[in-house]
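One structure below.
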Amino acid sequence: MRWSQTFVPTLKESPSDAEITSHKLLLRAGLVRKLTGGLYTFLPMGLRVLRKIEQIIREEMNRAGGIEVLMPALQPPEIWQQSGRYETARDVLFKVKDSAQREWVLGPTHEEVITHLAASEINSYRQMPKNFYQIQTKFRDEIRPRFGLMRAKEFIMKDAYSFDATDEGAMASYRRMYDAYTRIFSRCGLKAFPVEADTGVIGGNYSHEFMVPAETGENDVVYCETSGYAANIEKATSRGPLLVTPSASTGAAPEKFATPGVVTIEALTAAPYGVEAHRQIKTLVYVADSDVILILLRGDDQLNEAKLMARTGAIQVRPATPEECASTLGARPGSLGAVAGVPAKVKVYADDALRGASGMVTGANDDGFHYRHVDIERDIRVGQWADFRTVRAGELAVASGQPLKIRRAIEVGHVFKLGTKYSEKMGAMFLAESGQRFPCVMGCYGIGVTRTLQAVIEQCHDDNGISWPLGVAPYQVCLTPLSVMAGSQPLVQAEKLYAELTAAGIEVLIDDRDERPGVKFKDSELVGFPLRVNLGEKSLAKGEIEIKPRNGAMFAVPIDQATTRVLEWLRQQAAPAVG
RNA sequence: CGGGACGUAGCUCAGCCUGGUAGAGCACUUGCUUUGGGAGCAAGACGUCGCAGGUUCGAAUCCUGUCGUCCCGACCA
């Protein structure tokens, strides 16, 4: 391809609406342009990278036994009502009406469609396992589109759905996808690693996310370098807080004392009270679906809402308003507690870190008063103990006992074992060998294709621009004749090289623009081609052509060896086969 | 939806506080020079100052509303 005949609108400056590096580079390198918030047009270079990533995904999915299909993006609301997600996922569902005012849904994901298909087509255990996948545009009414392609209203996703007759079969399907994902991200040149994950709205009971470490990521990953443990912070556990919870009971009864104006944990740690945060019981009032509940945590701990949803089974949780707190407990936030005045219908959950706690201080459900000498198991009616706290860096890993670390990361893929949640609701049943009818055991597996593209940029760039891994680069080689006058040696030699490399199956872009050398050098490095070949009067006069790897030092080769040396370099760089 | 910032040329931004001829750099057009790391000189073209109301003799500037964008939180690939 000739630069002058394609479309690569590079920018010297970053558009003001881009905040993070990968978003700026997407725009500066001319890969995409914004239509409006969360909606982007892919330009030629961006589209080529996208197709490369899709092809890698396709090859690895096929290798792992996946069957490619293509499902409609426009879907009838009835199947969403059938699965129950018309309500639970309503916040992300784009809805449209046709001319007869009939409502349709733009698919944010395809469990409903594929399970509907399986319900009518899969009747026997002999037809399984099956793993259907597609690469397709998804629509989500994101509350806040962000960072270019990272979180968009419309994006491209590879989604796959496995159907098995048994739980063991489903685990094997899950494992195959897990391994395929590892290969896919590796072939994309991405350092991505799997972490244990919460299962969120989709539900199910076993899940990993594939994370790309990046400060700009939207996730916190808790990990242990010794044991290899890694989990999304929503799911992560530890051996508990580093400060031990006071537990030697003094036998003293709860005593109410005045704390005028004290409404924070922090304030109670100060003089004249001097109650350290880990000696306090924090009482949170939440509304889980429609029930008001209490969650007790140690004063120095933070509630993990994902865990709260998992433990209570609630679909939606939110903090109660101050008015709801007052009407439930008779006090406002800051003086809440569970020692007295908790209505019988309000369930009290307590975090495991509070087990056996005594000599604690907590709100008295009376504005301006707290209790001291509280023994949680003696004085509070705890309905259920569980892990509700958010792990902090430095706490010890459950398995290894080594300190945990926390880092930010971008989620590029997610594998779920779904179980029979959807197959039961949608009637995807089959006849087993025994003659009994069972629901198919499902798994679902997603990769954010457009997000992966941006994650590669986030991970592979320097001050000069993008540096594409060979496997996903828009072109492998950029030929840069420093003169494009008809008949000039740089152009003649460049055309010759172009013909030879193209014939050898290499993807080559020739920068035939009548621009000064500096402009061409800057642009090729900004767009990020793995290899640039400079053809200038000076070096040609010496019988040489210059080869400049994007990430390495330039070297000169004799003109007649240029093609073979380029091919050799590309062969050496090609990622070793993964398997 | 809550909190914050911002809408002026294709892009980056100044001007606004203190109302009075619409600005700079880059990009674009033409010419000359230059030609191995985002060239120089000269000439030129490009704007309903997001939109709608209001105040005023007069509004980019002050007020109100509205739309849009970006950032922080709840959601997710």
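In what follows, chains are A, B, ... by sequence order, proteins preceding strands, each numbered from 1.
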Nearest 0.5 angstrom please: K548(A) NZ to L531(A) CG, how far? 9.0 Å
For residues Q75(A) and H110(A), is any side-chain donor paired with an opposing acceptor at under 3.5 Å? yes
Can you check nucleotides 71-73 of chain B for protein contacts, nitrogen or oxygen pairs under 3.5 Å, and list what you find?
{"from": "C72(B)", "atom 1": "OP2", "to": "R144(A)", "atom 2": "NH1", "distance (Å)": "3.1"}
{"from": "C72(B)", "atom 1": "OP2", "to": "R144(A)", "atom 2": "NH2", "distance (Å)": "2.7"}
{"from": "C72(B)", "atom 1": "OP2", "to": "R146(A)", "atom 2": "NH1", "distance (Å)": "3.1"}
{"from": "G73(B)", "atom 1": "OP2", "to": "R146(A)", "atom 2": "NH1", "distance (Å)": "3.4"}

Could you check whether T321(A) and E324(A), counting side-chain N and O atoms only, form a donor-acceptor pair closer than 3.5 Å? yes
Atom-pair distance (CZ on R513(A); C1' on G37(B)), nearest Å: 13 Å
Would you tabulate the side-chain donor-acceptor contacts of residues 515-522 of chain A under 3.5 Å, counting partners in other chains and residues two or more places apart, or write 'none'?
{"from": "K520(A)", "atom 1": "NZ", "to": "P481(A)", "atom 2": "O", "distance (Å)": "2.9"}
{"from": "K520(A)", "atom 1": "NZ", "to": "D511(A)", "atom 2": "O", "distance (Å)": "2.9"}
{"from": "K520(A)", "atom 1": "NZ", "to": "R513(A)", "atom 2": "O", "distance (Å)": "2.8"}

If the condition is ring-ring contact (aromatic ring centres under 6.0 Å, His included), which residues does H414(A) pass it with, not counting sequence neighbours? F416(A)
Whole-Å C1' distance, G3(B) and U21(B): 41 Å
Using the C1' atom as the point on both nucleotides, what is the distance between U34(B) and G15(B), in whole Å? 36 Å
Partners passing ring-ring contact (aromatic ring centres under 6.0 Å, His included) against Y349(A) (at least two apart in sequence or in another chain): F388(A)
May I ask you to check whether E544(A) and S539(A) show a side-chain donor-acceptor distance below 3.5 Å? no
Provide, to the nearest angstrom, the distance between the CE atom belonging to M554(A) and the P atom belonging to G37(B). 10 Å
Rounding to a whole Å, what distance do you find between N304(A):CG and C75(B):P? 10 Å
Base C76(B) paired with R151(A) side chain (donor-acceptor, <3.5 Å): yes
In whole Å, what is the span from the CD atom of E546(A) to the P atom of G37(B)? 11 Å
Return the pairing partner of C70(B) with a 3.5 Å limit on both distances, Watson-Crick or G-U wobble; otherwise return none. G4(B)
G4(B) to A60(B) separation - C1' atoms, rounded to the nearest Å: 23 Å
Which part of the nucleic acid, if any, lies within contact of G413(A), taking any heavy atom under 4.0 Å across all strands shown: a base, the sugar-phosphate backbone alone, or nothing? sugar-phosphate
Is it true that S207(A) and E209(A) share a donor-acceptor pair across their side chains at a distance under 3.5 Å? no
Between D198(A) and K307(A), is the closest basic N to carboxylate O distance under 4.0 Å? no
When you compare the protein's N or O atoms with those of nucleotides 32-35 of chain B, which come within less than 3.5 Å of each other, and at what distance?
{"from": "U34(B)", "atom 1": "O2", "to": "R516(A)", "atom 2": "NH1", "distance (Å)": "2.7"}

Those residues that, when tested against Y181(A), pass ring-ring contact (aromatic ring centres under 6.0 Å, His included) (two or more places apart): F210(A)
According to side-chain hydrogen bond (donor to acceptor under 3.5 Å, both in side chains), who are the partners of R550(A), at least two apart in sequence or on a separate chain? D462(A)
Do E234(A) and N304(A) have side-chain N/O donor and acceptor atoms under 3.5 Å apart? no
With a 3.5 Å cut-off and heavy atoms only, can you find an N or O donor on one side and an acceptor on the other between the side chain of R318(A) and the base of G2(B)? no
Distances under 3.5 Å only, N/O to N/O: pair up the protein atoms with those of nucleotides 22-26 of chain B.
{"from": "G25(B)", "atom 1": "N2", "to": "E13(A)", "atom 2": "OE1", "distance (Å)": "3.3"}
{"from": "C26(B)", "atom 1": "O3'", "to": "K12(A)", "atom 2": "NZ", "distance (Å)": "3.4"}

Using the P atom in both, what is the distance from G7(B) to A27(B), to the nearest Å? 24 Å
Can you find a side-chain donor-acceptor pair between D387(A) and T237(A) that sits under 3.5 Å? no
Residues touching RNA chain B, which here means a heavy atom under 4.0 Å, drawn from residues 208-222 of chain A: E218(A), N219(A)
Are Y133(A) and N131(A) close enough that a side-chain donor and a side-chain acceptor fall under 3.5 Å? no
Pick the C1' atom in U56(B) and in G38(B), then give their distance to the nearest Å. 48 Å
Atom pair distance, as rounded to whole Å: CD in E111(A) and P in C76(B): 12 Å
Between CG of D523(A) and P of G36(B) the distance, given in whole Å, is 17 Å
For U21(B), does the O4'-C1'-N9-C4 (purine) or O4'-C1'-N1-C2 (pyrimidine) torsion place it in syn, i.e. within 90° of 0, or in anti? syn
Sort and list the pairs that fulfil side chain to side chain donor-acceptor pair (under 3.5 Å) and have at least one residue in residues 144-156 of chain A, not counting sequence neighbours. E142(A)-R151(A), R146(A)-E218(A), R151(A)-E218(A)
Could you identify which residues of residues 34-49 of chain A place a heavy atom less than 4.0 Å from some atom of RNA chain B, listed by residue number, or say none? K34(A), T36(A), G37(A)
Say you pick atom C1' in C71(B) and the same atom in C62(B); how far apart are they, in whole Å? 28 Å
Can you check the D198(A) CG to A74(B) P distance for me, whole Å? 14 Å
In whole angstrom, give the distance that lies between atom CD1 of I233(A) and atom P of A74(B). 12 Å
My understanding is that only residues two or more places apart in sequence, or in another chain, count here; which of them pass side-chain hydrogen bond (donor to acceptor under 3.5 Å, both in side chains) with R332(A)? none
Exercise: do Y445(A) and R176(A) side chains pair donor with acceptor under 3.5 Å: no
Any N/O donor-acceptor pair, E537(A) side-chain to G36(B) base, under 3.5 Å: no
Would you find a donor on one side and an acceptor on the other, under 3.5 Å apart, between the side chain of Q454(A) and the backbone of F147(A)? yes
